[in-house]
Amino acid sequence: QVQLVESGGGSVQAGGSLRLSCAASGRTVNAYIMGWFRQAPGKERNFVAAISQGGSFTYYADSVKGRFTISRDNAKDTVYLQMNSLTPEDTAVYYCAADRRTYWSSNRADKLDEYDYWGQGTQVTVSS
């Protein structure tokens, strides 16, 4: 089992940037496909980005493609989400998640119920 703790959220003006971190403990993160999801107030939790165990494959939601970058440092058991050109529509609680599946499939990487472990989330607020 792995425990996930997100950090790096905060308030920023539109056009700004933030980098979220997700630190894993309990088991090395390189065993997991890692994903980021977000949930705005009153809305369902939606996929943002995912990365394969070794980092060779990534997948993004259309809404963040070209603005967000997911990466991982397995030596530090940490996954990152670099968010640039933020807009108020990016305001949400951002969650890190881990998937025990051993093979990469972009068809499944965006599916919320594929993920086995979740962090508590970190708030991102973007003002106009």
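Sequence positions, counted from 1, serve as the residue numbers for this chain. Reckoned from all heavy atoms, side chains included, excluding hydrogens, waters and symmetry mates.
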**Student:** Mind checking salt bridge (Lys or Arg N to Asp or Glu O under 4.0 Å) for D116 and listing every partner two or more places apart, or none if nothing turns up?
**Tutor:**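 Residues passing salt bridge (Lys or Arg N to Asp or Glu O under 4.0 Å) with D116: R100.
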**Student:** Run the side-chain hydrogen bond (donor to acceptor under 3.5 Å, both in side chains) test against Q120 and tell me which residues pass, sequence neighbours left out.
**Tutor:**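 Expected list: none.
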**Student:** Not counting sequence neighbours, which residues clear side-chain contact (heavy atoms from CB on, under 4.5 Å) with E114? List them please.
**Tutor:**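 E114 satisfies side-chain contact (heavy atoms from CB on, under 4.5 Å) with D99, R101, R108, K111 only.
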**Student:** Residues two or more places apart in sequence or in another chain: which of them pass side-chain hydrogen bond (donor to acceptor under 3.5 Å, both in side chains) with E44?
**Tutor:**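 In terms of side-chain hydrogen bond (donor to acceptor under 3.5 Å, both in side chains), with neighbours along the sequence ignored, E44 is linked to no residue.
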**Student:** If you look only at pairs with a residue in residues 118-128, which of them pass as a salt bridge (Lys or Arg N to Asp or Glu O under 4.0 Å), with sequence neighbours excluded?
**Tutor:**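 Qualifying pairs, neighbours excluded: none.
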**Student:** Applying disulfide bond (SG atoms under 2.5 Å apart), which residue pairs with at least one partner in residues 59-128 are found, sequence neighbours left out?
**Tutor:**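 Disulfide bond (SG atoms under 2.5 Å apart) check on residues 59-128 returns C22-C96.
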**Student:** Check which hydrophobic residues are tied to M83 through side-chain heavy-atom contacts below 4.5 Å, counting indirect links as well, and list them.
**Tutor:**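 V2, L4, V12, L18, L20, V29, Y32, M34, W36, V48, I51, Y60, V64, F68, I70, V79, L81, L86, Y94, Y117, V124, V126, all in the cluster of M83.
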**Student:** Output every pair passing disulfide bond (SG atoms under 2.5 Å apart) with a member in residues 53-89, not counting sequence neighbours, ordered by first then second residue.
**Tutor:**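 Disulfide bond (SG atoms under 2.5 Å apart) check on residues 53-89 returns no pairs.
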**Student:** Check salt bridge (Lys or Arg N to Asp or Glu O under 4.0 Å) between K65 and all other residues, then give those that pass, not counting sequence neighbours.
**Tutor:**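 K65 satisfies salt bridge (Lys or Arg N to Asp or Glu O under 4.0 Å) with D62 once adjacent residues are dropped.
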**Student:** How close do R38 and A92 get, counting heavy atoms only, and between which atoms?
**Tutor:**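 Between these two residues, the closest heavy atoms are CB-CB, 3.8 Å.
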**Student:** According to side chain to side chain donor-acceptor pair (under 3.5 Å), does anything in residues 67-76 pair up with another residue at least two apart or in another chain? List the pairs.
**Tutor:**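 Only R67-D90, R72-N74 qualify under side chain to side chain donor-acceptor pair (under 3.5 Å).
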**Student:** For a quick test of reading the model, state the closest non-hydrogen atom pair linking E6 to G121 and the distance between them.
**Tutor:**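 Looks like OE1-N, 2.9 Å.
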**Student:** Given a cutoff of under 4.5 Å between side-chain heavy atoms of I, L, V, M, F, W and Y, with clusters grown through shared members, what are the other residues clustered with F57?
**Tutor:**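 Once heavy-atom contacts under 4.5 Å are chained together, F57 belongs with I33, F37, F47, Y59, V93, Y95, W104, L112, Y115, W118.
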**Student:** Taking only residues at least two apart or on different chains, which pairs with a member in residues 10-26 satisfy side chain to side chain donor-acceptor pair (under 3.5 Å)?
**Tutor:**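 Of all non-adjacent pairs touching residues 10-26, those that pass side chain to side chain donor-acceptor pair (under 3.5 Å) are S17-N84.
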**Student:** If you take all heavy atoms of P88 and S128, which pair is closest and at what distance?
**Tutor:**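 Of all heavy-atom pairs spanning P88 and S128, the closest is CG-CB, 3.9 Å.
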